[in-house]
> 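My questions will all concern the structure given below.
Hydrogens, waters and symmetry mates play no part in the numbers below; they use all other heavy atoms, side chains included.
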Amino acid sequence: RADSNPFSLPIYLVMGGCGFLGKHLVEMLLEKEPNLAEIRVFDLHLDESMRSLDRVTLIQGDISNPEDVKPAVKGAHVVIHTASLVDVWGRVPPEKIMAVNVQGTKNVIEACITQGAQYLVYTSSMEVVGPNIKGHPFYRGNEDMTYEAIHHHPYPLSKAKAEKLVLEANGQLMPNGKRLVTCALRPTGIYGENHLLMKEFYEKGLKTKKYMIRAIPSSVEHGRVYVGNVAWMHLLVSQKIQEDPSTIGGQVYFCYDDSPYKSYEDFNMEFLSPCGFHLLGSRPLLPFFLLHLIALVNAVLQWLLKPFCVYAPILNPYTLVIASTTFTIKTDKALKHFGYKSCFTWEESRNRTIRWLQEVTAEKQVEK
């Protein structure tokens with residue numbers, strides 16, 4: 001598909017290719033995209049175990065530095081930009097989130113234009129849309145549904161700005177006479193093997209003897225999507241953007257599969273229960289106003305302790321709104337535009353995630 005020469009094979013560049021999604025994507029490309037010359041993996045922290053992979057080149061660099069990005073993009077045909085700083089707890093300074101997520105994306109777009117890389121696929125986030133800070137539900141929504149997106153938090157703000165930059169760059173004329181073609185994919189909460197937040201919940205649960213208390217009503221629903229299916233969707237859209245740029249260019253797609261809609265707690269228990277965890281209470285054991293109070297106290301403590309240390313508990317006013325607001329999608333836009341159907345069923349996705357958590361359990365026991 002590399003159009004500079006019909007006989008040359010394309011070079012893919014995965015920005016953030018050593019991250020949670022990035023690694024799954026590189027594996028997926030190697031397995032399902034035989035017509036590849038090379039996959040370049042660009043990341044700040046390299047995973048040395050990926051060096052042994054066939055046709056993979058590791059490039060260490062900082063996305064917020066344009067001088068690191070340009071040489072990585074030079075000669076690439078398709079750039080898949082999954083690199084971003086995800087932080088909704090206040091662990092990272094807002095300036096750093098903006099530098100990576102917004103300035104970094106500007107650098108990637110700029111490099112694509114100057115280096116002649118024609119196709120750019122951006123990994124956005126459902127948080128570009130919501131849930132908003134007012135807690136308005138988004139129920140079985142699609143890409144065209146109107147919803148008031150209100151952001152004050154640096155992470156969703158940065159992702160919204162970056163997505164806008166990517167979509168606005170679609171159709172931009174490049175020095176080589178071609179036009180840049182861009183699109184964005186918006187995963188809802190991704191889960192699967194090596195998911196750091198899931199590991200964190202798991203480790204927190206060990207401290208409470210595998211008992212967890214229900215904090216959110218089970219009637220609150222969230223859309224979640226398996227990392228392998230998100231990777232598969234990226235691969236399909238990367239193929240289609242080259243074959244049919246007029247359909248894909250400038251479009252945004254929610255990532256979806258057949259994972260069930262449940263509250264975050266109930267969904268996480270799908271994987272934690274087989275590891276011997278228990279969720280106590282069929283309804284929340286703490287009244288909502290108390291949770292709200294704890295979240296506010298956490299926010300005040302975070303502000304007071306800022307000069308001395310990083311205090312970043314999982315519960316804060318923003319994460320409470322997200323966890324307690326229904327946000328589910330129902331769409332077949334990806335199916336219509338590029339033939340996406342999930343690669344892994346819910347059963348496979350669930351079993352793979354459970355297997356990984358059981359390996360984590362085994363490792364913990366060895367450590368003892």
> Side chains of Lys23 and Asp47, heavy atoms from C-beta outward: is any pair under 4.5 Å?
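Yes - at least one pair of side-chain heavy atoms lies under 4.5 Å apart.
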> Taking everything shown except Leu196 itself, do over 12 heavy atoms lie less than 6.0 Å from its CG?
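12 or below, so no.
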> For Glu193 and Tyr226, which I'm curious about, is there any donor-acceptor pair between the side chains at under 3.5 Å?
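A pair is found: one side chain offers a donor N or O, the other an acceptor, under 3.5 Å apart.
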> Step through the shown structure and confirm whether more than 12 heavy atoms of other residues, nucleotides or ligands are within 6.0 Å of NZ on Lys330.
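For Lys330, atom NZ is not crowded (no more than 12 foreign heavy atoms under 6.0 Å).
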> By side chain to side chain contact (heavy atoms under 4.5 Å, CB included), which residues pair with Asn298, not counting sequence neighbours?
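Once residues adjacent in sequence are excluded, the partners of Asn298 under the side chain to side chain contact (heavy atoms under 4.5 Å, CB included) criterion are Ile294, Tyr311, Pro313, Leu315.
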> Check this for me, if you would: do Asp87 and Lys96 make a salt bridge, where the nitrogen-to-carboxylate-oxygen distance has to be below 4.0 angstrom?
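Looking at Lys96 together with Asp87, the answer is no, because their closest N to O distance does not fall below 4.0 Å.
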> Between Tyr253 and His337, does a ring pair (Phe, Tyr, Trp, His ring centres under 6.0 Å) hold up when you go through it step by step?
CA-CA 9 Å; Tyr253 302 94; His337 282 202; 5.4 Å; yes
> Could you tell me whether the side chains of Ser259 and Tyr191 share a donor-acceptor contact shorter than 3.5 Å?
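Judged by distance alone, the side chains do pair up.
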> Do Arg350 and Glu347 sit within salt-bridge range, that is, some charged N less than 4.0 Å from a carboxylate O?
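Answer for the salt bridge query: no.
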> Flag the pair Val121 / Val79 as yes when at least one side-chain heavy-atom distance between them is below 4.5 Å, and no otherwise.
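No, too far: nothing below the 4.5 Å cut-off.
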> Taking only Lys NZ, Arg NE, NH1 and NH2, and the carboxylate oxygens of Asp or Glu, determine whether Glu143 and Lys336 approach each other closer than 4.0 Å.
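Result for this pair is no, no salt bridge flagged.
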> Just checking, any donor-acceptor pair under 3.5 angstrom between side chains of Ser158 and Asn101?
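The answer is yes; a qualifying pair exists.
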> Scan side-chain atoms only and decide if Thr123 and His81 contain a donor-acceptor pair under the 3.5 Å cut-off.
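Looking only at side-chain atoms, His81 and Thr123 do not form any donor-acceptor pair under 3.5 Å.
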> Using a distance-only test with no angle check, is there a side-chain donor-acceptor pair under 3.5 angstrom linking Glu127 and Tyr318?
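Tyr318 and Glu127 do have a side-chain donor-acceptor pair below 3.5 Å.
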> List the steps, then state whether salt bridge (charged side-chain N to carboxylate O under 4.0 Å, His left out) holds for Lys164 with Glu168.
CA-CA 6 Å; Lys164 193 167 183 277; Glu168 283 172 353; 3.0 Å; yes
> Is it the case that atom NZ in Lys333 sees more than 12 heavy atoms from other parts of the structure closer than 6.0 Å?
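Counting neighbours around NZ of Lys333, more than 12 heavy atoms of other residues, nucleotides or ligands fall under 6.0 Å, so yes.
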> Is there a donor-acceptor contact under 3.5 Å linking the side chains of His222 and Ser263?
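Distance-only check fails for His222 and Ser263.
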> Going by heavy atoms in the side chains, are Phe42 and Gln60 under 4.5 Å from each other?
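Not in contact.
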> Could you tell me whether the side chains of Asn351 and Thr353 share a donor-acceptor contact shorter than 3.5 Å?
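The criterion, which ignores hydrogens and geometry beyond distance, is not satisfied for Thr353 and Asn351.
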> Return yes when atom CD of Glu110 has more than 12 non-hydrogen atoms of other residues, nucleotides or ligands closer than 6.0 Å, and no otherwise.
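Not buried by this count: 12 neighbours or fewer within 6.0 Å.
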> Is Lys262 close enough and on-axis enough to Phe267, meaning under 6.0 Å and within 45°, for cation-pi?
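Judged by the rule (NZ or CZ under 6.0 Å from the ring centre, within 45° of its axis), Lys262 is not positioned above Phe267.
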> Please verify the inter-ring angle class for His24 with Phe20; under 30° counts as parallel, over 60° as perpendicular, anything in between as tilted.
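Perpendicular, since the angle between the ring planes exceeds 60°.
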> Under 3.5 Å, is there a donor on one side chain and an acceptor on the other for Glu221 and Thr328?
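Side-chain D/A pair, Glu221 to Thr328: absent.
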> Val108 and Val26: same hydrophobic cluster, using ILVMFWY side-chain contacts below 4.5 Å?
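As far as the 4.5 Å side-chain criterion goes, Val26 and Val108 are not connected within one cluster.
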> With under 30° as parallel and over 60° as perpendicular, where do the rings of Phe277 and Tyr202 fit, or are they tilted in between?
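Tilted: the ring planes of Phe277 and Tyr202 meet at 30° to 60°.
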> Compute whether any side-chain donor of one residue and acceptor of the other, for Lys159 and Tyr122, lie under 3.5 angstrom apart.
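Lys159 vs Tyr122: donor-acceptor pair found between side chains.
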